[in-house]
*Asks:* 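Before anything else, here's the structure in question.
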Amino acid sequence: SIFSHKIHAEKYFQAGGSYERIDGRWHIRNIYPNTPLARAGILKGDEIVSVNGQPFKEVRSFNVTTTVEVGVRRLSNGPIQLYKIKPELR
């Protein structure tokens, strides 16, 4: 029947955060507990500069099955720190 039909959410690989664009730069809005971003030590407010040397793309950058290198800037003109994370299927 129409009432017993199950709806399944599509799963995809994620790093465990939400992102926002501020002045043309991508920043981490939230980091969820026990996720790749949280375990790596990346913080809310950090700027994501790159993923595997390429500009960050909100939806596609972490939808991969392999470990990625994330370039993060903590201060607006500070040095870029590199973190390795493995996105998880969620």
Side-chain angles (χ1 to χ4, degrees):
S1 83
I2 190 170
F3 299 107
S4 65
H5 179 62
K6 291 184 181 179
I7 298 173
H8 297 282
E10 185 175 338
K11 290 186 175 188
Y12 53 97
F13 284 88
Q14 303 178 56
S18 63
Y19 317 97
E20 63 184 334
R21 203 165 170 104
I22 302 171
D23 296 329
R25 296 178 177 191
W26 284 103
H27 292 267
I28 297 180
R29 182 178 358 172
N30 289 305
I31 293 182
Y32 307 114
N34 196 30
T35 61
L37 289 175
R39 290 190 295 270
I42 296 172
L43 303 176
K44 177 180 177 177
D46 283 353
E47 176 190 353
I48 301 178
V49 178
S50 63
V51 176
N52 284 340
Q54 300 298 312
F56 175 69
K57 304 233 185 294
E58 183 181 14
V59 175
R60 294 188 308 241
S61 286
F62 295 127
N63 194 17
V64 295
T65 60
T66 58
T67 298
V68 294
E69 185 175 74
V70 182
V72 172
R73 186 179 284 134
R74 193 140 291 157
L75 304 172
S76 66
N77 288 315
I80 296 172
Q81 299 172 310
L82 299 176
Y83 296 86
K84 292 199 181 288
I85 67 165
K86 184 163 179 25
E88 298 172 339
L89 190 62
R90 295 186 173 263

*Asks:* From Arg39 CZ over to Ile85 CD1, what is the distance, rounded to the nearest 0.5 angstrom?
*Replies:* 9.5 Å

*Asks:* Which pair of non-hydrogen atoms, one from Ala15 and one from Pro36, has the smallest distance, and what is that distance?
*Replies:* O-CD, 3.2 Å

*Asks:* When you measure from the side chain of Arg73 to the backbone of Ile80, do you find a donor-acceptor pair of N or O atoms at a distance under 3.5 Å?
*Replies:* no

*Asks:* Is the side chain of Asn30 donor-acceptor paired with the backbone N or O of Gly17 at a distance under 3.5 Å, no angle test?
*Replies:* no

*Asks:* Check whether any side-chain N or O of His27 sits under 3.5 Å from a backbone N or O of Gly45 as a donor-acceptor pair, and report yes or no.
*Replies:* yes

*Asks:* Let me confirm one number: the CG-CD distance from Leu89 to Gln14, rounded to the nearest 0.5 Å.
*Replies:* 8.5 Å

*Asks:* When rounded to the nearest 0.5 angstrom, what is the spacing between CZ in Arg74 and CD1 in Ile42?
*Replies:* 8.0 Å

*Asks:* Does some side-chain heavy atom of Ile28 sit less than 4.5 Å from a side-chain heavy atom of Leu43?
*Replies:* no

*Asks:* Mind checking whether Trp26 and Arg21 have side chains closer than 4.5 Å, heavy atoms only?
*Replies:* yes

*Asks:* Does Arg25 reach the main-chain N or O of Ser76 with its side chain, forming a donor-acceptor pair under 3.5 Å?
*Replies:* yes

*Asks:* For the atom pair CG (Leu37) and CD1 (Ile31), what is the distance rounded to the nearest 0.5 Å?
*Replies:* 5.0 Å

*Asks:* Tell me, please, which residues at least two apart from Asp23 pass side chain to side chain donor-acceptor pair (under 3.5 Å).
*Replies:* none

*Asks:* Looking only at non-hydrogen atoms, find the nearest pair between Thr67 and Lys84 and report the distance.
*Replies:* CG2-CB, 4.0 Å

*Asks:* Do Tyr83 and Val49 belong to the same hydrophobic cluster, where Ile, Leu, Val, Met, Phe, Trp and Tyr are linked whenever their side-chain heavy atoms lie under 4.5 Å apart, directly or via other members?
*Replies:* no

